[in-house]
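Letters go in sequence order (proteins before strands), and every chain restarts at 1. From a predicted model like this one, the values you see are computed outputs, not experimental measurements.
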There are 2 protein chains.
Amino acid sequence: MSKILVVDDEKDIVDLVSLHLQREGHEVVSVGNGLAVVPEAIRSSPDLIVLDIMLPGIDGVQVHRRLRADSRTRHIPVIMLTARSQTNDRIAGLEGGADDYLTKPFSPRELMLRIGAVLRRSQKVVMLAEQRIGDFMLDRKNMSLSINGQQIDLTITELKLITTLMANPDVIHSRGELLNAVWGYADDTQSRTLDTHIKRLRDKLGTYGAHVGTLRRQGYFFQTQVEQKVKA
Amino acid sequence: MSKILVVDDEKDIVDLVSLHLQREGHEVVSVGNGLAVVPEAIRSSPDLIVLDIMLPGIDGVQVHRRLRADSRTRHIPVIMLTARSQTNDRIAGLEGGADDYLTKPFSPRELMLRIGAVLRRSQKVVMLAEQRIGDFMLDRKNMSLSINGQQIDLTITELKLITTLMANPDVIHSRGELLNAVWGYADDTQSRTLDTHIKRLRDKLGTYGAHVGTLRRQGYFFQTQVEQKVKA
DNA sequence: CTCCCATGTTACGATCTCGTCGCACAACCA
DNA sequence: TGGTTGTGCGACGAGATCGTAACATGGGAG
């Protein structure tokens with residue numbers, strides 16, 4: 001199922017762990033040298049690294065630091081294997097960086113459970129390829145918005161904006177949230193750019209019965225069916 | 001799992017169907033009046049409608065027609081419940097519009113199976129929100145490509161192109177496939193537009209070690225780590 | 001070796017895009 | 001009611017974008 005890199009200089013441990021992992025359908029790559037971990041992690045891009053803290057040459061904490069320093073390995077979760085004899089503060093230090101740790105000696109079953117937990121935690125986020133909101137359909141694969149099968153011609157900025165608004169229909173999205181989602185910054189309270197793009201969206205979508213509403217000092221919201229306000 | 005709207009004026013049938021559906025983890029909404037179906041479908045936007053053909057006031061065929069007439073309900077699959085006594089031509093007429101139908105009396109188990117089949121057919125397509133290919137990460141939520149956490153400034157056309165290429169790394173994508181994926185048409189063999197955009201991609205991505213390869217008369221392909229060719 | 005054709009590359013300009021400005025307008029407060 | 005503040009809206013222009021044309025290059029067939 002997943003690809004796992006096992007790092008330990010004791011061949012017995014590598015074999016034991018590999019055996020159990022392979023039984024659960026995982027692909028295993030192993031390395032016995034601390035210095036080889038980062039290059040191997042870059043090469044094989046595993047989903048998880050099981051890292052012994054006791055390694056010849058460079059210890060596991062150093063390896064972990066290097067893994068976190070390289071952008072190509074930074075995202076890979078790490079489970080560290082520590083010795084019971086080591087001081088608690090070292091373990092505490094590990095907790096900050098590693099995703100989990102296990103003290104030797106450990107039962108293979110426990111390691112498997114922890115590996116399963118970490119893999120589940122780092123499970124890839126999936127999203128709907130096509131998202132329907134009222135009459136509209138957002139096609140994230142083609143990066144387009146269509147209504148009744150007909151594509152609406154939007155620029156990339158407009159698309160990002162309406163996507164953010166459509167992510168939660170009928171809820172208020174503050175200016176800051178929208179600025180951040182579309183432009184990547186949050187503190188631009190005096191610019192009129194957002195207003196202008198809202199206007200452009202309204203012009204393009206208004207034809208189709210969609211509505212971008214305003215809540216003064218609160219933000220904007222998207223709704224497909226305009227609620228009629230009853231006037232006395 | 002799914003939200004299902006059950007329409008029948010006989011409370012016994014509604015209860016029976018609801019019970020079975022809830023046992024399978026579905027959320028059930030029910031309506032006993034034909035005229036209330038379309039508004040309720042708009043309000044609750046179910047994944048499927050189970051619609052009895054015998055209803056007081058307005059019959060199921062009319063309701064079905066109205067569901068198909070409104071763009072907000074047009075996409076919702078419908079399973080119709082018909083009476084065995086009804087003529088075959090009516091059933092034939094249903095087949096054109098409804099996604100499935102079942103003649104009364106029916107076994108709950110058969111209805112469940114058909115519901116399962118229809119739901120499976122209309123199952124939503126999911127995709128990875130973030131897709132990692134080598135050093136690159138395609139963020140479909142933000143519609144951006146980044147390497148080492150740093151966004152690469154791509155235009156929407158370039159983004160669509162590289163997205164298509166990255167969907168299957170190392171495999172050849174023909175010109176026609178790319179033209180169709182990015183521009184929406186397939187027969188433009190003499191235009192140099194694609195070449196130019198490939199060039200622009202290469203210029204922007206080449207800095208980061210990615211490579212868009214050419215296979216003469218075959219197409220283009222994306223690879224993250226350039227294979228070194230050995231020269232004599 | 002030579003020619004042909006698919007692709008690479010550059011340059012160009014029409015068009016699009018988008019942030020800003022300035023003013024209009026509307027909501028809210030006193 | 002009048003003032004203040006936040007938003008709507010049209011216009012503008014610098015820069016981005018993208019398709020096309022024209023020429024360069026290079027692989028492969030004969």
Side-chain angles (χ1 to χ4, degrees), chain A residues 143-145 151-165 172-207 210-222 226 229 231, chain B residues 143-145 151-165 172-207 211-222 226 229 231-232:
Chain A
M143 299 186 247
S144 65
L145 183 71
Q151 275 207 7
I152 301 174
D153 189 48
L154 295 180
T155 70
I156 184 69
T157 308
E158 289 158 358
L159 198 54
K160 285 182 181 176
L161 183 54
I162 194 64
T163 297
T164 310
L165 288 169
I172 314 293
H173 301 260
S174 73
R175 292 177 152 264
E177 180 191 341
L178 295 171
L179 259 324
N180 188 49
V182 178
W183 287 270
Y185 47 78
D187 45 318
D188 189 344
T189 45
Q190 52 228 36
S191 171
R192 316 305 317 287
T193 303
L194 177 57
D195 303 59
T196 307
H197 277 278
I198 290 284
K199 152 79 171 155
R200 285 169 181 158
L201 265 183
R202 283 171 174 160
D203 288 348
K204 289 190 181 180
L205 300 186
T207 320
H211 184 239
V212 178
T214 309
L215 247 78
R216 196 182 172 83
R217 295 186 53 83
Q218 305 287 311
Y220 297 95
F221 60 96
F222 174 85
V226 183
K229 295 203 175 181
K231 297 266 178 178
Chain B
M143 297 186 245
S144 65
L145 182 71
Q151 277 207 7
I152 301 174
D153 189 48
L154 295 179
T155 70
I156 184 68
T157 308
E158 289 159 358
L159 198 55
K160 284 183 181 178
L161 183 54
I162 193 64
T163 297
T164 309
L165 288 169
I172 315 293
H173 301 260
S174 73
R175 293 177 151 263
E177 181 191 341
L178 295 172
L179 258 324
N180 188 50
V182 178
W183 286 270
Y185 46 77
D187 45 318
D188 190 344
T189 46
Q190 53 229 34
S191 171
R192 318 304 319 288
T193 304
L194 177 57
D195 302 60
T196 308
H197 277 278
I198 290 284
K199 154 78 169 153
R200 284 168 182 157
L201 264 182
R202 282 171 174 158
D203 288 347
K204 288 192 181 179
L205 301 186
T207 321
H211 184 241
V212 178
T214 308
L215 248 79
R216 195 181 175 81
R217 297 188 51 82
Q218 305 286 311
Y220 297 95
F221 60 95
F222 174 85
V226 183
K229 293 203 174 182
K231 299 266 178 179

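- One finds no side-chain N or O of B/Thr214 lying less than 4.0 angstrom from the OP1 or OP2 phosphate oxygen of C/dA6.
- In this structure, B/Leu215 atom CG and D/dG26 atom P are separated by 18 Å, rounded to whole Å.
- Taking atom CG on B/Leu154 and atom C1' on D/dC18, their separation rounds to 14 Å, with Å as the unit.
- Contact of B/Arg192 with D/dG19 (side chain to base): no donor-acceptor pair of N or O atoms is detected under 3.5 Å.
- What separates CG of B/Asp195 from C1' of C/dC5 is a distance of 13 Å, to the nearest Å.
- To the nearest 0.5 Å, atoms CZ (B/Phe222) and CD1 (B/Ile162) are separated by 5.0 Å.
- A/Leu161 contributes atom CG, which lies 10.0 Å from atom CG of A/Leu154 (distance to the nearest 0.5 angstrom).
- OP1 or OP2 of D/dG19 sits under 4.0 Å from a side-chain N or O of B/Trp183.
- You'll find that the side chain of B/Ile156 is closest to D/dC18, out of C/dA11, D/dC18, C/dC18.
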Go through the steps to decide whether A/Thr214 and A/Ile198 satisfy the test side chain to side chain contact (heavy atoms under 4.5 Å, CB included), and finish with yes or no. CA-CA 10 Å; A/Thr214 309; A/Ile198 290 284; 5.7 Å; no
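- Summarising the geometry, the separation between NE2 on A/His197 and P on D/dG10 is reported as 16 Å, rounded to the nearest angstrom.
- Judged by atom type and distance alone, A/Arg200 does not reach the base of D/dG8 through any side-chain donor-acceptor pair under 3.5 Å.
- As rounded to whole Å, 14 Å separates atom C1' of D/dT17 from atom CG of B/Leu201.
- When each of A/Lys160, A/Arg192, A/Glu158 is paired with A/His197, the side chain to side chain contact (heavy atoms under 4.5 Å, CB included) condition holds for A/Glu158 and for no other.
- Put simply, B/Thr155 has no side-chain N or O that comes within less than 4.0 Å of OP1 or OP2 on D/dA16.
- Distance A/Asp203 CG to C/dT17 C1': 15 Å, rounded to the nearest Å.
- At C/dT20, one or more side-chain N or O atoms of A/Thr193 fall inside 4.0 Å of OP1 or OP2 (strictly under the cut-off).
- The distance from atom CG of B/Leu179 to atom P of D/dT20 is 11 Å, rounded to the nearest whole Å.
- OP1 or OP2 of D/dG8 sits under 4.0 Å from a side-chain N or O of A/Tyr220.
- For A/Thr196, the listed nucleotide lying nearest its side chain is D/dA11; candidates were C/dA6, D/dA11, C/dG8.
- Scanning atom types as modelled, one donor and one acceptor separated by under 3.5 angstrom connect the side chain of A/Arg216 and the base of D/dT5.
- In this structure, A/Thr193 OG1 and A/Leu178 CG are separated by 12.5 Å, a value rounded to the nearest 0.5 Å.
- For the pair B/Lys199 NZ and C/dT7 P, the interatomic distance rounds to 17 Å; values are reported in whole Å.
- Nucleic acid contact for A/Ile198: none, since no nucleic acid atom lies under 4.0 Å from a heavy atom of the residue.
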